[in-house]
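Structure first, then comments.
All residue numbers refer to positions in the sequence shown, counting from 1.
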Amino acid sequence: MKNRKRIAAQIDAAKKAILELDDMRPGHLSSQKRASGRNVREYTQLSYTFQKRSRTDYVQPEDLVRIKAEVENYRKFKDLCERIVALSIEESKRKTVQRLKEAGGKK
């Protein structure tokens, strides 16, 4: 009984945390350099896969802070989703064990 309530509370907390997330984007930010003669330009790009397609977007310097926050929110979203799935698996196994105990006692 305690375990069921604990798992349910943790799932609810993770769902609430997902609702509190702001805008998000998948991907990884990296700094790149482009050399043209003696000029070396640095720029940031966002690489990600969406709908089974790999993409790369250039990030304007004035958008970098916002994009970093969106990428971090997406990482948190994925972590919370994995947490919910792990807890759901644990709860499902608990229910199976409980059912087997009850069925074994009725013989």
Side-chain angles (χ1 to χ4, degrees):
M1 186 67 114
K2 278 185 183 178
N3 206 20
R4 180 182 58 149
K5 287 182 180 179
R6 179 187 60 82
I7 291 172
Q10 289 178 345
I11 289 173
D12 288 343
K15 288 178 180 178
K16 183 179 180 197
I18 287 173
L19 291 173
E20 293 173 356
L21 291 175
D22 205 1
D23 293 339
M24 60 182 86
R25 289 185 74 151
H28 173 76
L29 287 166
S30 62
S31 294
Q32 304 293 320
K33 292 181 182 180
R34 178 180 294 154
S36 174
R38 286 190 282 179
N39 297 333
V40 176
R41 288 185 29 212
E42 288 192 35
Y43 62 95
T44 304
Q45 70 181 27
L46 175 69
S47 301
Y48 62 99
T49 301
F50 181 67
Q51 296 178 338
K52 299 181 183 179
R53 292 187 61 199
S54 179
R55 301 163 193 259
T56 300
D57 293 338
Y58 294 101
V59 177
Q60 298 297 319
E62 53 272 7
D63 295 328
L64 187 57
V65 171
R66 178 180 52 84
I67 299 295
K68 279 183 181 180
E70 291 174 354
V71 169
E72 179 63 19
N73 282 340
Y74 184 77
R75 186 196 59 75
K76 289 177 185 177
F77 171 76
K78 295 291 283 183
D79 289 346
L80 289 165
C81 286
E82 284 187 22
R83 177 93 173 120
I84 290 170
V85 170
L87 289 165
S88 295
I89 290 169
E90 186 179 335
E91 176 62 8
S92 178
K93 287 180 179 180
R94 188 200 63 77
K95 287 177 181 177
T96 299
V97 168
Q98 183 64 32
R99 183 190 55 78
L100 291 172
K101 284 181 183 178
E102 290 172 2
K106 293 182 179 180
K107 286 185 180 179

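- Nearest heavy-atom pair, Ile11 versus Ser88, reported as atom, atom and distance to 0.1 Å: CD1-OG, 3.9 Å.
- A search for side-chain contact (heavy atoms from CB on, under 4.5 Å) contacts involving Ile89 returns Val85, Lys93, not counting sequence neighbours.
- Residues Met24 and Tyr48 do not share a hydrophobic cluster, clusters being chains of Ile/Leu/Val/Met/Phe/Trp/Tyr side chains in contact below 4.5 Å.
- Residues passing the side-chain contact (heavy atoms from CB on, under 4.5 Å) test with Lys33, sequence neighbours excluded: Val40, Glu42.
- The side-chain hydrogen bond (donor to acceptor under 3.5 Å, both in side chains) search around Tyr43 returns none, not counting sequence neighbours.
- Distance check: Arg6 CZ to Glu91 CD gives 9.5 Å after rounding to the nearest 0.5 Å.
- Scanning both residues, Ile18 and Cys81, for their nearest heavy atoms gives CD1-SG, 4.2 Å.
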Show the atom names and distances, to 0.1 Å, of all donor-acceptor pairs under 3.5 Å that link a side chain in residues 62-72 to residues at least two apart or in another chain.
| residue | atom | partner | partner atom | Å |
| --- | --- | --- | --- | --- |
| Asp63 | OD1 | Arg66 | NH2 | 3.4 |
| Arg66 | NH1 | Glu70 | OE2 | 3.2 |
| Glu72 | OE1 | Arg75 | NE | 3.3 |
| Glu72 | OE2 | Arg75 | NE | 3.3 |
| Glu72 | OE2 | Arg75 | NH2 | 2.4 |

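- Residue pairs meeting the side chain to side chain donor-acceptor pair (under 3.5 Å) criterion with at least one partner in residues 17-27, sequence neighbours excluded, are Arg25-Asp57.
- The line from CD1 of Ile7 to CZ of Arg94 is 6.5 Å long, rounded to the nearest 0.5 Å.
- Annotation: side-chain contact (heavy atoms from CB on, under 4.5 Å) contacts of Arg83 (sequence neighbours excluded): Gln10, Leu87.
- Tyr74 and Leu46 fall into different hydrophobic clusters, where Ile, Leu, Val, Met, Phe, Trp and Tyr are joined by side-chain heavy atoms under 4.5 Å apart, directly or via other members.
- Atoms OG1 and NE2, on Thr56 and His28 in that order, are 11.0 Å from each other to the nearest 0.5 Å.
- Considering every non-hydrogen atom in both Ala14 and Ile84, the closest pair reads CB-CG1, 3.6 Å.
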